[in-house]
There are 2 protein chains.
Amino acid sequence: MHLPSEQDYIQQVSIDCVIFGYQETQLKVLVPKLAFKGDFWALPSGFILQQEGTDQAARRILEGRTGIKNIYLEQFRVFGDAGRTSAPFLERLIELNQESSREKQFNRKEFEWMTRRFISIGYYALVDINEVVPNKHDIDESIEWYNIKSLPTMIMDHNQIVEQALETLRSNLDKKLIAFNLLPETFTMMEVQQLYEAIFDKPFARNNFQKKILDLNVLERLEKKFTGAANKAPYLYRFLK
Amino acid sequence: MHLPSEQDYIQQVSIDCVIFGYQETQLKVLVPKLAFKGDFWALPSGFILQQEGTDQAARRILEGRTGIKNIYLEQFRVFGDAGRTSAPFLERLIELNQESSREKQFNRKEFEWMTRRFISIGYYALVDINEVVPNKHDIDESIEWYNIKSLPTMIMDHNQIVEQALETLRSNLDKKLIAFNLLPETFTMMEVQQLYEAIFDKPFARNNFQKKILDLNVLERLEKKFTGAANKAPYLYRFLK
């Protein structure tokens, strides 16, 4: 197993990524599960190389997980409590996996630096879920999209990191018009509304919502979507970048 | 001169603070000037002790500069470009001060760790300027409130850090109702408007502005302010926490 080595990275700083996708009226988050006994889920994470910027590091981590190069991302908060460390989680992981053949692959000394206190820089990313090819790493058993309402319990403070990311996403949605990053290139107005409803976890009144979105003047109206029933076919829209 | 020593702190991470105050219709920022040849201004900054959280570190730095314990502060952005280092500034400082008696106080080895790449966590603070007793450190010549429109050129990316802080302040102002942290306990409606005008650097229409602020339902109306001309005296208000 390849572990990142201490001297390549800025010490005691990590990056945690909340990757949001949207599918079948559900807001989802991409979460890997570790290939060890103990059911450990953890956000896509990584460290910052000495010669790369923090945003660059986040892009590298996100590209490695999604296959997408120009991903929409935002640095939203630093998680820097004094007691923030993965040591208890790693101790538990080792304890539960002592018997396993994987145990041989652990060299305590080699990853001791990772058990120190870590300040984490939180990023969230918005992707068109259809464009993502989720990529699990060597140490992962799986990587899946989970409905944000039924996320597994993750290690450390990762569930709180998702909550904070969602809060920031909500508060930035109108201001920065970023919701369209979660949709495919063309979409109906009903699909925009369902997306907003999934993000805010509440219904919106159809007429008001449509008026509000159209008044933003950021959508181009295209042909009608073919549904079979021509007279009721909704218009398709595209976001004007 | 006392320099912080390497092993007490998280490596390659610093905190930079933008302290906003408001006085005589001007938005101001508290900036120390270093007591060395070369006219160096730098934001109040510091490092994070191993045993303190990032917010705690920011509070310590802010209290040290303002004398205020329960300061309103917000962590707003990380500045993490790969090339972000104070090395050129420190080289220049040493070069310009070689002749000075202070030179003896420098031990290159002792502060070499500070010349590495640093990731900075930006915090901004809002204070009632009348409550602040600006405190200069040993290495400062002065510490002054500067109008944000005529800030001195500071070291590194500190002027951009102020710009980013101002941008975040503007975008949070209505959402979080934080402007009142910049005012004394009681104020007139005109004073609120002048404060908003200073922050946004543009005028607001009086009637609309008053209605918007009163509709927030966060102000308590007190007695009239005594101005000598009783019939024109404006009401005083207080923010309901």
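Each chain gets a letter, A, B and so on, in the order its sequence line appears, and its residues count up from 1.
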Handout entry: Side chain, backbone, both or neither of R84(B) within contact of chain A (heavy atoms, under 4.5 Å)
Key = neither

Handout entry: Interface residue of largest heavy-atom contact number with chain A, from G80(B), G83(B), S171(B), under 4.5 Å
Key = G80(B)

Handout entry: Positive for side chain to side chain contact (heavy atoms under 4.5 Å, CB included) with I119(B), one of I10(A), V78(A), I119(A)
Key = I10(A)

Completion exercise
Answer key: most heavy-atom pairs under 4.5 Å with chain A among R116(B), R77(B), Q11(B), Q56(B) is R77(B)

Practice task
Count the heavy atoms of every other residue, nucleotide or ligand shown that sit under 6.0 Å from CG of D215(B), and state whether that count exceeds 12.
Solution key: yes

Problem - Set of salt bridge (Lys or Arg N to Asp or Glu O under 4.0 Å) partners for D81(A), sequence neighbours left out - result: none

Exercise for the section: Name the region of I48(A), side chain, backbone, both or neither, that has any atom closer than 4.5 Å to a heavy atom of chain B. Expected result: side chain

Practice task
Give, for atom CD of Q50(A) and atom CD of Q12(B), the distance between the pair rounded to the nearest 0.5 Å.
Solution key: 4.0 Å

Problem - Atom group of Q75(B) that falls short of 4.5 Å from chain A, counting heavy atoms - result: both

Fill in the blank from the handout: Between the NZ atom in K175(A) and the NZ atom in K175(B), the distance rounded to the nearest 0.5 Å is 3.5 Å

Handout entry: R206(A), CZ: over 12 other non-hydrogen atoms inside 6.0 angstrom
Key = no

